[in-house]
Colleague: 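The structure under discussion is supplied below as structure tokens; questions concerning it will follow.
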Protein chains: 2
Amino acid sequence: MNREPPKRQGHVDIRDVARAAGVSTATVSRALSGRGYASDDARRKVAAASRRLGYQPAAPGRSLRTTRSMTIGLLVPDLADPVYLPFLRGVEHAAQQHGYVVVVADARSSTTLERRQLDRLYAQRVDALVLAGSPRDRAYLRRLQRAGLMVVDPEGPNGPSDIRRTTEAHATTSLCEHLADLGHSRIAYVTRGAPRGRTAQRRSRAVIDSCRKVGIAAKPVLLGARREPDDVGDMLAGLVRSRKPVTAVVCGAHSLAPLLLRAKSAAGIHVPDECSFVTYGDSDWAAAYRPALSVVRRDLYARATAITTHLIAQLDGHDPHVTDPDAHRVEFVPRDSVARARS
Amino acid sequence: MNREPPKRQGHVDIRDVARAAGVSTATVSRALSGRGYASDDARRKVAAASRRLGYQPAAPGRSLRTTRSMTIGLLVPDLADPVYLPFLRGVEHAAQQHGYVVVVADARSSTTLERRQLDRLYAQRVDALVLAGSPRDRAYLRRLQRAGLMVVDPEGPNGPSDIRRTTEAHATTSLCEHLADLGHSRIAYVTRGAPRGRTAQRRSRAVIDSCRKVGIAAKPVLLGARREPDDVGDMLAGLVRSRKPVTAVVCGAHSLAPLLLRAKSAAGIHVPDECSFVTYGDSDWAAAYRPALSVVRRDLYARATAITTHLIAQLDGHDPHVTDPDAHRVEFVPRDSVARARS
DNA sequence: TCCCGATGTGTAATCGTTTACAGCATGAAC
DNA sequence: GTTCATGCTGTAAACGATTACACATCGGGA
């Protein structure tokens, strides 16, 4: 008779509320959700009982019935990189505002792990999956999409914001013009490795193009395995003190900037006198550094909230309210780390 | 007859697999989970069908039956503060390793929001809730605990790591001794406001105590509404250039450091010549800053993984494996931002 | 031969919700 | 006095999984 699954500890369920309020579970559900008929009297009694017992409808049961988990998955390429934090925050806030909850999954820069994480999110039946960056295995993702997973890829070709491409390109142009104006004609564009994600590729291309346009020779530099300031410093020194010296380095990722700055100081390269410096990505530290760093700033937080709000509107079947164009602002912020090139 | 709930799009369920494999759903479940009997033949057929159809057991259904959601909630006091990122990452990694998934909830420094978020996590029936920092409304939390929510409070009195208190106190002592050795006798301990969370209170007390012990006068400074570098700079200048000058400032929170540094430079206070600087919390930027910042570093990532692994062992009913003591390491890292005090 | 344990399988109950449906008042319109 | 719409309620059927139980089947001792 007793085919008991382990009885959940002290969780009050809808039946408890129904009993306490002297109505049926159906009425409780209707009264609390506001859908369907319910007399004022019933509403009052249910509200009272529910509050008194501290009832919260259990998500698993609800999800099972409604096929909506009120859950948004967020796949982050690598949580170790703080760039993703504002994005995560944006998604969380938008979700929060509409009663959704966020499940984060870190792929840790591993394709295998990414797949595992995708499987998990799929198994969770998240209502939608938001990509914080480019996925490593597009094919796998597409399979899950076909299996019913709703995916939002902000970087994708028909993603929520194709504006972005143009705005970041624009900012990059400003940056390059700025450099050209100050007499720079040879610069290094430093990245960790060959650009993988869409953003990185886009950015890399934009730098190359813009530089060509204003007559600057842009030398792409891949750091590869080099992780030590001294090591990187030697390499940078080679560039800066060669016959045809590089007079500015552009850093392709915010998280890379500290390493580059340490490298320069290890090599005794003075910023900005001997070599200017610009980086993609802004932060309090970039502004606090002396000299204050010139940066290309984008508002990832705003971007994330915009995307997520839009997404949720779709999920909830509202009209998908036009996205705020301001959310995609990308701008070049000149500060003190780039100076006139030494001739 | 057709009392249809909205049919889920293209999701393959256990029945589909059972049909494809020519067995019953019970067998599928047994074969996949490995619990209970299943012939090798059945296992093979089920595995094949399952793989071919891309079957992933739906979490809501499973949770409903097993009363385990394989989900860990993480309540973050304020996602805007990057301190919490390593912690989040640690929790996520440990969870990931054991098949759990993490739901993050940001309280955004608001008590109201914190309560709402707690309700949501409770409604999600997370298997456990980990607190990334001190909760604002302990009473509310306790109510949910009584209602069946399992809460892990790393800062709590009988939290997983009381060691921590002593280790951080130890590091703080080193810091103060370091300052005393270099001849400092008056310092400022700067925080955003009156310390709220346990960590902040503990730290504040530790600084005061350690200073007294080595004969340093520690002046607590609350920034309050001051947010502008100039404003803060004036205040700092007042302290540093008074009759009885403060010769070092200790920054109580990593995220506060950039502001303080900008303030100093705005006020023309040279670090470390005119005034030394130390901060709690380490980062690439702190090391890249010139002068490189002396810091008190703690490994929040290791801490989080340790706590979470321990937690999951409990959840899964394993022996809760003793936690790695190294996980709670807190150490003072002297670098270049503190120099001998000007007499 | 008969019984018994071990192994494998299917049927059906169950988890906590939501909701289609039927039933029952009540009151208005004929 | 029928009819009918309207409002409200309860009963019971899902949702997708796990699992207790009953029922095989099989091999080996007695």
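We use all heavy atoms of the structure for the numbers below, so side chains are in, but hydrogens, waters and symmetry mates are not. So that the names make sense, note that chain A is the first sequence line, chain B the second, and so on, each numbered from 1. Not measured: the values here are computed from a predicted model.
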Colleague: Rounded to the nearest Å, what distance is computed from the CG atom of residue B:Leu64 to the P atom of nucleotide D:dC15?
Modeller: 13 Å
Colleague: Does B:Arg62 make a side-chain donor-acceptor contact with the base of D:dT18, cut-off 3.5 Å?
Modeller: no
Colleague: Can you find a side chain N or O atom of A:Tyr37 that sits less than 4.0 Å from OP1 or OP2 on D:dC8?
Modeller: no
Colleague: What's A:Ala26 touching, base or sugar-phosphate or nothing? Going by heavy atoms closer than 4.0 Å.
Modeller: base
Colleague: If you measure only the distance, is there a donor-acceptor pair under 3.5 Å linking the side chains of B:Thr199 and B:Glu155?
Modeller: yes
Colleague: Nearest whole angstrom, please: distance from the P of D:dG16 to the CZ of B:Arg68.
Modeller: 23 Å
Colleague: What's the NE2-P distance between B:His11 and D:dG16, to the nearest Å?
Modeller: 9 Å
Colleague: Could you check whether B:Asp41 pairs with B:Lys45 (Lys NZ or Arg NE/NH1/NH2 to Asp/Glu carboxylate O, under 4.0 Å)?
Modeller: yes
Colleague: Given atom CD of B:Gln124 and atom C1' of C:dT17, what is their separation to the nearest angstrom?
Modeller: 14 Å
Colleague: Check whether any side-chain nitrogen or oxygen of B:Ser39 sits under 4.0 Å from OP1 or OP2 of C:dT9, and answer yes or no.
Modeller: yes
Colleague: I want to check one thing: is the phosphate of C:dG10, taken as OP1 and OP2, less than 4.0 Å away from some side-chain N or O of B:Thr27?
Modeller: yes
Colleague: Would you sort out whether A:Asp316 and A:Arg68 count as a salt bridge (charged side-chain N to carboxylate O under 4.0 Å, His left out), showing the intermediate values?
Modeller: CA-CA 10 Å; A:Asp316 291 354; A:Arg68 301 283 311 274; 3.5 Å; yes
Colleague: Can you measure B:Arg35 atom CZ to C:dT9 atom C1' for me and round it to whole angstrom units?
Modeller: 18 Å
Colleague: Any sub-3.5 Å donor-acceptor pair from B:Tyr140's side-chain atoms to B:Glu114's backbone N or O?
Modeller: no
Colleague: Between B:Gly61 and B:Ser24, who's closer to the 5' end of DNA chain C by nearest nucleotide?
Modeller: B:Ser24
Colleague: So for B:Arg30 and C:dG10, does any side-chain atom that can act as donor or acceptor lie under 3.5 Å from a complementary atom in the base?
Modeller: yes
Colleague: Between D:dG16, C:dT17, D:dG10, which one does the side chain of B:Ala58 approach most closely?
Modeller: D:dG16
Colleague: Starting from C1' on D:dT18, measure out to CE on B:Met70 and report it in whole angstrom.
Modeller: 14 Å
Colleague: Could you state the interatomic distance from CZ (B:Arg146) to CG (B:Leu141), rounded to the nearest 0.5 Å?
Modeller: 10.5 Å
Colleague: Of the residues in residues 41-57 of chain B, which ones touch DNA chain C at a heavy-atom distance under 4.0 Å?
Modeller: B:Ala42
Colleague: Taking CZ from B:Arg15 and C1' from C:dA12, how many angstroms apart are they, rounded to a whole number?
Modeller: 12 Å
Colleague: Could you tell me how far apart B:Arg125 (CZ) and C:dC15 (C1') are, to the nearest whole angstrom?
Modeller: 12 Å
Colleague: For the base of D:dT18, is there a side-chain donor-acceptor partner from B:Arg65 under 3.5 Å away?
Modeller: yes
Colleague: Both A:Thr25 and A:Asp40 contact DNA chain D. Which one's nearest nucleotide lies toward the 5' end?
Modeller: A:Asp40
Colleague: Distance alone, cut at 3.5 Å: any donor-acceptor contact between the side chains of A:Tyr84 and A:Asp106?
Modeller: no
Colleague: For A:Ser29, answer base if it contacts any base atom (sugar-phosphate contacts may also be present), sugar-phosphate if it contacts only those atoms, and nothing otherwise; contact means non-hydrogen atoms under 4.0 Å.
Modeller: base
Colleague: Between A:Asp16 and A:Arg19, is the closest basic N to carboxylate O distance under 4.0 Å?
Modeller: yes
Colleague: Check B:Asp78 with B:Arg136, please: is the shortest side-chain N to carboxylate O separation under 4.0 Å?
Modeller: no
